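Everything below concerns the one structure shown next.
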Amino acid sequence: MKRFTILLTLLSVAITAAAGERVPFRHLFNDGWFFTVEQDSPLDGRSISAEGIPNGWQSVDLPHTPRLEPVPANDQWQGICFYAKRFEAPKTDPEALLSLTFEGAMNEADVWLNGQHIASHLGGYLPFTADLTDALYPDKENLLVVRLDNRDNPVTGPKPLKRLDFNTSGGLYRNVWLTGKALVHLSDPVAANRIAGGGIFVRTEEVSDTSALVRVKSHIRNLSGTGECLTIVHRITGNGLDRARFGGTVQVPGGGDAETEQTFRIPNPALWSPETPALYTLETELYIGKRSIDREQTCFGIRKIVITPEGLRLNGKARFLRGVNRHQEYPYIGYALSDNAQRRDAWKIKQAGFDYVRTSHYPSSPAFLDACDEYGIFVLEPILGWQYFGDERFTEHALHSSREMIHRDRNHPCILAWELSINEIRMPEEFIDRAVAIGHEEYPGQTYIAGWMKYGYDIYIEARQHRKEALYSKPLIVSEYGDWEYFAMNAGFEQERWSDMLPEERSSRQARGSGEVRLLQQATNVQEAHNDNLSTHAFADGYWAMFDYSRGLLPDLELSGASDVFR
């Protein structure tokens, strides 16, 4: 009997393998790429598709950087590069919709499949999706070509690299995912481009120690020719909940879409905080009759944040968040960190005693935010921007990026606020008004929009070196402290006590090899500045910075990190 059961199991596996993988599926698409830097003769995705990948291209896997840089990266590579990959279409349902999602492609991207241009995207820090379905060869080898241009761009900003205080790197430096969906499916939250919608949107309301309301909004696309009456089922697990189930039905017209919203009340919820980062898993599944056609998993946390000029209350208790700023650059490979390296950075921030991080000055990777959820680290997440404000095209791109960032990251309990602000440049009030309106439009209810100008924003973020007079009518985060005011000697404070010290001895920019006296002076600077921050009405501060980093404007490392560039 046992042998018969084994034979049945093997037969079942063989039939499944022959039939192919059923949708939905999502797989990493990181292996087996080819790479080249454009030299003298211009390359084109169509010509490469027609002629095949030329000899001499480098075999690479993702994440990837166009050039291994020295430490410091004092002349970072900029230019045009190409990635290409040969692959066979997965054996799956004949009507399956296949797409690729690029988590990070720096900075201007064009994608061709078998010579057909299928996607363009501008901006290197947020994802985009390329639909493969119409250009895919189902029964022979396919050729995918990606062209990237990471040269200075006036539409995306920030400043030109030669005047920029950090490096923006290049390449396909984050994951690429291959996704298969049925004609009727849950949409991608960024690609759907719906206000306060797209994909799965989880919010928690009426949060207390005894109860919390979970509100789940789902967006469904129907690319078939006929309308469908669907059943949507949500299941929540974690922290004592054993597949708590709720849902409903929704009618989706053929060739159209629909949104549906369900709620569920969790008794005695485990609340998320830096000390107890409790997480729940939401599984959402779509059915036509009894047949499952799509499913998604979403991680979320339950916490109540109230921010006023008097400070922060988390789950009903007042608290101060001690934090740090972080650039994602890593030695040699630039931005091309693995997911494990992203997680390691978050772990080191937590182990250093911080419970808050500002991902200066751009959106961070999904893997880093996942780790912040799990370790209990609040995140202030900005759109890209540093000391540069462009024309109307720049404005529209920054505002669209604000929507994309919120769509991607709105389910993370670690998100403290959205920094929809261009750092250290005066912004038009019209831009601020639109940015704040977008933030509240995309995340209705309990959300906060932060910016470094006093006008318009819910939260005022101010670097210590910029501090002049208090604005008590708004909540305050000290966005940066402990570095510039000691490096540039512009803060006053108590530095007159150090008249017997040379400027380089007072600075917080010290290398590991600077010696104990200077390193202890850096620690003294940080302590003095943090103590001064506690004398303000700020509810959080962020030391500049967690890790040393390279910058475009000078050929050396910025050495203010609590850790060096090697972590």
Side-chain angles (χ1 to χ4, degrees), residues 165-166 273-275 277 312 314 319-330 337 341-365 367-382 386 412 414-419 423-424 450 452 459 461-467 476-487 507-512 519 522-534 536 538-551 557-567:
D165 197 30
F166 57 96
S273 73
E275 293 73 31
L312 164 69
L314 173 63
R319 69 175 301 151
F320 184 92
L321 300 178
R322 185 168 186 181
V324 71
N325 288 263
R326 180 232 184 194
H327 273 305
Q328 66 182 11
E329 179 205 348
Y330 205 81
L337 283 73
Q342 297 279 0
R343 177 174 295 275
R344 179 173 176 259
D345 271 10
W347 181 84
K348 284 186 168 291
I349 289 170
K350 187 70 174 183
Q351 291 299 305
F354 298 113
D355 50 21
Y356 149 74
V357 62
R358 178 176 177 233
T359 62
S360 42
H361 300 288
Y362 41 78
S364 195
S365 77
F368 182 78
L369 294 179
D370 287 343
C372 289
D373 285 343
E374 295 174 29
Y375 296 147
I377 306 170
F378 271 114
V379 176
L380 176 61
E381 187 170 40
W386 193 78
H412 286 280
C414 67
I415 296 294
L416 174 70
W418 311 101
E419 187 180 328
N423 192 59
E424 294 185 348
W452 87 279
I459 299 171
I461 57 175
E462 181 182 55
R464 182 172 180 255
Q465 68 266 19
H466 298 156
R467 189 179 302 159
L476 173 66
I477 294 175
V478 181
S479 57
E480 304 170 17
Y481 74 90
D483 167 46
W484 181 258
E485 62 266 42
Y486 299 95
F487 171 74
S507 176
S508 292
R509 299 186 182 182
Q510 301 293 346
R512 281 180 61 187
L519 290 173
Q522 181 177 0
T524 299
N525 298 351
V526 177
Q527 186 67 68
E528 177 190 84
H530 178 63
N531 289 347
D532 183 64
N533 295 337
L534 294 177
T536 73
F539 67 87
D541 67 357
Y543 172 60
W544 189 272
M546 184 63 201
F547 306 115
D548 295 346
Y549 58 92
S550 299
R551 51 216 178 127
L557 286 171
E558 209 280 22
L559 293 172
S560 61
S563 296
D564 71 9
V565 71
F566 291 94
R567 278 56 175 163

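Only heavy atoms go into these numbers, but all of them, side chains included; no hydrogens, no water, no symmetry mates. What you see is a predicted model; the values in this text were computed from it and never measured.
Among residues two or more places apart in sequence or in another chain, the salt bridge (Lys or Arg N to Asp or Glu O under 4.0 Å) test is passed with Asp345 by Arg326, Arg567. Shown here are the ring-ring contact (aromatic ring centres under 6.0 Å, His included) partners of Tyr543, two or more places apart in sequence or in another chain: Tyr481. Arg512 is linked by a salt bridge (Lys or Arg N to Asp or Glu O under 4.0 Å) to Asp564, counting only residues two or more places apart in sequence or in another chain.
Ring pair His361/Trp544 is parallel by interplanar angle, where below 30° counts as parallel and above 60° as perpendicular.
Looking at heavy atoms from C-beta onward, Thr359 lies out of side-chain contact with Glu419 at the 4.5 angstrom threshold. Side-chain contact between Arg319 and Pro274: present, with at least one pair of heavy atoms (C-beta onward) separated by less than 4.5 Å. By the 4.5 Å heavy-atom criterion applied to side chains, Leu476 and Phe539 are not counted as neighbours. Using a 4.5 Å heavy-atom threshold, the side chains of Arg467 and Asn533 count as touching. Annotation: side chain of Leu337 is not in contact with side chain of Glu329 (no heavy-atom distance under 4.5 Å). The shortest side-chain heavy-atom distance between Glu480 and Asn423 falls under the 4.5 Å cut-off. Residues Tyr486 and Gln465 form no side-chain contact, since every pair of their non-hydrogen atoms from C-beta on lies 4.5 Å or further apart. With a 4.5 Å cut-off on side-chain heavy atoms, Tyr375 and Arg343 count as touching.
In terms of heavy atoms, Gln522 sits closest to Gly561 at NE2-O, 3.7 Å. Scanning both residues, Gly376 and Lys350, for their nearest heavy atoms gives O-NZ, 2.9 Å. In terms of heavy-atom proximity, Gly482 sits nearest to Ser508 at O-OG, 2.5 Å. The nearest pair of heavy atoms linking Ile461 to Ala450 is CG2-CB, 4.0 Å. Minimum heavy-atom separation, Ala511 to Leu519: O-CD2, 3.5 Å.
Residue Phe378 is tested with Leu321, Val357, Ile415 for a side-chain contact (heavy atoms from CB on, under 4.5 Å); the sole match is Leu321. Of the candidates Tyr362, Phe547, Trp386, His327 forms a ring pair (Phe, Tyr, Trp, His ring centres under 6.0 Å) with just one, namely Tyr362.
Separating the CH2 atom in Trp347 from the CD atom in Glu374 is a distance of 14.5 Å, to the nearest 0.5 Å. The OG atom of Ser360 lies 10.0 Å from the CG atom of Asp165; values are rounded to the nearest 0.5 Å. Between Ser560 atom OG and Met546 atom CE the span is 11.5 Å, to the nearest 0.5 Å. Remark: Ile377 CD1 to Cys414 SG distance equals 8.5 Å, nearest 0.5 Å. Remark: Arg322 CZ to Leu534 CG distance equals 8.0 Å, nearest 0.5 Å. Separation of atoms OG (Ser479) and CG (Asp541) is listed at 10.0 Å; rounding is to 0.5 Å.
Look at Arg551 and Glu558 and you find no salt bridge, because none of the NZ, NE, NH1 or NH2 atoms lies under 4.0 Å from a carboxylate O.
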Check the pair Tyr356, Leu380 against side-chain contact (heavy atoms from CB on, under 4.5 Å), reporting the backbone distance first and the verdict last.
CA-CA 8 Å; Tyr356 149 74; Leu380 176 61; 3.6 Å; yes
side-chain contact (heavy atoms from CB on, under 4.5 Å) evaluation trace for Leu557 with Ser550
CA-CA 5 Å; Leu557 286 171; Ser550 299; 3.6 Å; yes
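Checking side-chain atoms of Asp373 against main-chain N and O of His412 turns up no donor-acceptor pair under 3.5 Å.
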